[in-house]
Trainee: 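Below is a structure I'd like to ask you about.
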Amino acid sequence: MKRADVVSGAVLFVVSAILFYQSSKLEMVYGNSIPGTGFLPYWLSLAMVLLSLILIVNGVRSLGSGATLKWPPGKGLIWIVTTIGALAAYTMLATVVGYIISTFAFLLVLVRMLSSYRWHTLVAFSLAVSVGLYAIFGLWLQMTLPTGFLIIP
């Protein structure tokens with residue numbers, strides 16, 4: 001388990017160090033007081049560098065404890081596999097059927113798996129969230145979202 005912390009911390013450190021270096025090239029301040037395009041990436045990547053170092057140090061400190069990584073049995077393992085499968089399917093289906101339909105299906109699967117709500121509640125929740133997110137990102141922020149072959153956002 002702790003070896004995994006060291007390895008993942010090292011990978012995160014390299015990625016965040018690259019992000020930190022690249023963001024340092026961006027403009028930090030516009031005029032006298034308005035944050036520039038590099039302000040948020042700079043500070044976020046610096047926080048990522050520090051957190052990855054903490055992860056590495058904690059992993060190295062407890063390497064000798066003999067703790068091993070154990071996968072959860074039964075239902076927990078099914079949840080992990082289903083979540084990874086749902087994320088993969090969502091990624092592939094978003095460009096095929098569009099943002100709203102793929103987000104609706106993704107939320108329906110995950111919320112059904114993690115809760116015991118009735119189907120009409122799940123459908124209403126998934127529909128409200130997917131349409132609400134489209135309204136925020138597609139309409140209000142005018143971001144380009146996948147439309148799919150149905151030309152539905």
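Keep in mind that the numbers below use all heavy atoms, side chains included, and drop hydrogens, waters and symmetry copies.
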Trainee: Report yes or no: do V129 and L145 belong to one cluster of Ile/Leu/Val/Met/Phe/Trp/Tyr joined by side chain heavy-atom distances under 4.5 Å?
Mentor: yes
Trainee: Grab the two heavy atoms, one from L139 and one from Q142, that are nearest each other, plus how far apart they are.
Mentor: O-CG, 3.4 Å
Trainee: Who else is in L51's hydrophobic cluster (ILVMFWY, side-chain heavy atoms under 4.5 Å, direct or via others)?
Mentor: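 In the cluster with L51 are I54.
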Trainee: Nearest heavy-atom pair of Y117 and S115: which atoms, and what distance?
Mentor: CD1-OG, 3.3 Å
Trainee: Under 3.5 Å, is there a donor-acceptor pair between the side chain of T103 and the main chain of I100?
Mentor: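 Side chain of T103 to backbone of I100, a donor-acceptor pair under 3.5 Å: no, none is there.
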Trainee: Using the rule that Ile, Leu, Val, Met, Phe, Trp and Tyr join whenever any side-chain heavy atoms are under 4.5 Å apart, tell me whether L19 and Y42 fall into a single cluster.
Mentor: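 No, L19 does not connect to Y42 through the hydrophobic network.
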Trainee: Nearest 0.5 Å, please: how far is CG in L141 from CD1 in I136?
Mentor: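 Taking CD1 in I136 and CG in L141, the distance rounds to 7.5 Å.
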Trainee: Could you grab the distance from atom CH2 of W79 to atom OG1 of T83, nearest 0.5 Å is fine?
Mentor: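 That separation rounds to 9.0 Å.
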Trainee: Given 3.5 Å as the limit, does a donor-acceptor pair link the side chain of S126 with the main chain of V123, or not?
Mentor: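 No.
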Trainee: Heavy atoms only: give me the nearest D5-L55 pair and the separation to one decimal.
Mentor: O-CG, 3.6 Å
Trainee: Between A86 and F106, what is the shortest heavy-atom contact and its length?
Mentor: O-CD1, 3.6 Å
Trainee: In this structure, are over 12 heavy atoms from other groups packed under 6.0 Å from M143 atom CE?
Mentor: no
Trainee: To the nearest 0.5 Å, how far apart are CZ in R118 and CZ in R112?
Mentor: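 One finds 11.0 Å between CZ of R118 and CZ of R112.
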Trainee: State plainly whether one hydrophobic cluster holds both L46 and M48, where clusters connect Ile, Leu, Val, Met, Phe, Trp and Tyr through side-chain heavy atoms under 4.5 angstrom apart.
Mentor: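 Unlinked, L46 and M48 end up in two clusters.
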Trainee: Between CG of L87 and CG of L110, what distance do you get to the nearest 0.5 Å?
Mentor: 6.5 Å
Trainee: So if you build clusters from Ile, Leu, Val, Met, Phe, Trp, Tyr with side-chain heavy-atom gaps below 4.5 Å, do L114 and L107 land together?
Mentor: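 Yes, because L114 and L107 connect within a single hydrophobic cluster, where side-chain heavy atoms sit under 4.5 Å apart.
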Trainee: From Y134 OH over to Y99 OH, what is the distance, rounded to the nearest 0.5 angstrom?
Mentor: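 It comes to 10.5 Å.
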Trainee: Hey, what do you get for OG (S16) to OH (Y21), rounding to the nearest 0.5 Å?
Mentor: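 Taking OG in S16 and OH in Y21, the distance rounds to 15.5 Å.
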Trainee: When you group the ILVMFWY residues by side-chain heavy-atom contacts below 4.5 Å and let the links chain together, are V111 and W119 in the same group?
Mentor: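 Hydrophobic grouping puts W119 with V111.
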Trainee: Between Y90 and S102, which heavy-atom pair has the shortest distance, and what is it?
Mentor: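 Y90 and S102 have their closest heavy atoms at CD1-O, 3.3 Å.
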Trainee: Where is the tightest heavy-atom contact between V60 and V6, given as atom of each residue plus distance?
Mentor: N-CG2, 3.6 Å
